[in-house]
Enquirer: 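The structure under discussion is supplied below as structure tokens; questions concerning it will follow.
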Amino acid sequence: MKTLSAADIEQAKLDPATVFHTPEDVLQASLAPEDKKSILLRWEEDADALIRATDEGMEPSDNRRTPAELLAAIQAALETLEDSA
């Protein structure tokens, strides 16, 4: 389990991809459930914006997953978090 400093948590809430490699990593981190949810919701907003940008012809910088695959992974992580609450 990844332990984060207060600064890391705040950074993750602003730009999750700078702290976590995948949405699943958020679930494995030693964070309060509300922090995990906040981070995943922010990442979901970012993924939605990335999908819109891709639709407008801009290429994504992350070649590991398509924006749609990233969004699906985020939504799955959010479901897992909700199911464990």
Enquirer: Heavy atoms only: give me the nearest Leu27-Ala77 pair and the separation to one decimal.
Expert: CD2-O, 3.6 Å
Enquirer: For Glu10 and Ala7, indicate whether the former's side chain and the latter's backbone hold a donor-acceptor pair under 3.5 Å.
Expert: no
Enquirer: Output the distance between atom CG (Leu31) and atom OG (Ser38), rounded to the nearest 0.5 Å.
Expert: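 Separation between the atoms: 10.0 Å.
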Enquirer: More than 12 heavy atoms of other residues, nucleotides or ligands under 6.0 Å from NZ of Lys37: yes or no?
Expert: no
Enquirer: Can you check whether Ala76's main-chain N or O pairs, donor with acceptor, with Thr80's side chain at less than 3.5 Å?
Expert: yes
Enquirer: Report the distance from atom CD of Gln11 to atom CG of Leu14, rounding to the nearest 0.5 Å.
Expert: 6.0 Å
Enquirer: To check you understand the geometry: which heavy-atom pair defines the closest contact between Ile39 and Pro16, and what is its length?
Expert: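 Heavy atoms of Ile39 and Pro16 come nearest at O-CG, 3.5 Å.
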Enquirer: Are Arg42 and Asp46 close enough for a salt bridge, meaning some N to O gap below 4.0 Å?
Expert: yes
Enquirer: Any chance you could measure Trp43, atom CH2, to Asp48, atom CG, to the nearest 0.5 Å?
Expert: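 Those atoms lie 14.0 Å apart.
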Enquirer: Ser5 and Asp8: side-chain hydrogen bond (donor to acceptor under 3.5 Å, both in side chains), yes or no, with the steps?
Expert: CA-CA 5 Å; Ser5 69; Asp8 287 337; 3.3 Å; yes
Enquirer: To the nearest 0.5 Å, tell me how far Thr22 OG1 sits from Leu70 CG.
Expert: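 Spacing of OG1 (Thr22) from CG (Leu70) equals 9.5 Å.
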Enquirer: To the nearest 0.5 angstrom, please state how far the CG atom of Leu71 sits from the CD atom of Glu45.
Expert: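 That separation rounds to 11.5 Å.
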Enquirer: Starting at CD of Gln28, measure out to NZ of Lys36 and round the result to the nearest 0.5 Å.
Expert: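 Between atom CD of Gln28 and atom NZ of Lys36 there are 7.5 Å.
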Enquirer: Do you know which of Ile74, Val19, Leu78, Leu40 makes side chain to side chain contact (heavy atoms under 4.5 Å, CB included) with Val26?
Expert: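 When side chain to side chain contact (heavy atoms under 4.5 Å, CB included) is applied between Val26 and each of Ile74, Val19, Leu78, Leu40, only Leu40 qualifies.
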Enquirer: Of the non-hydrogen atoms in Pro33 and Leu81, which two are nearest, and what is the gap between them?
Expert: O-CD2, 3.8 Å
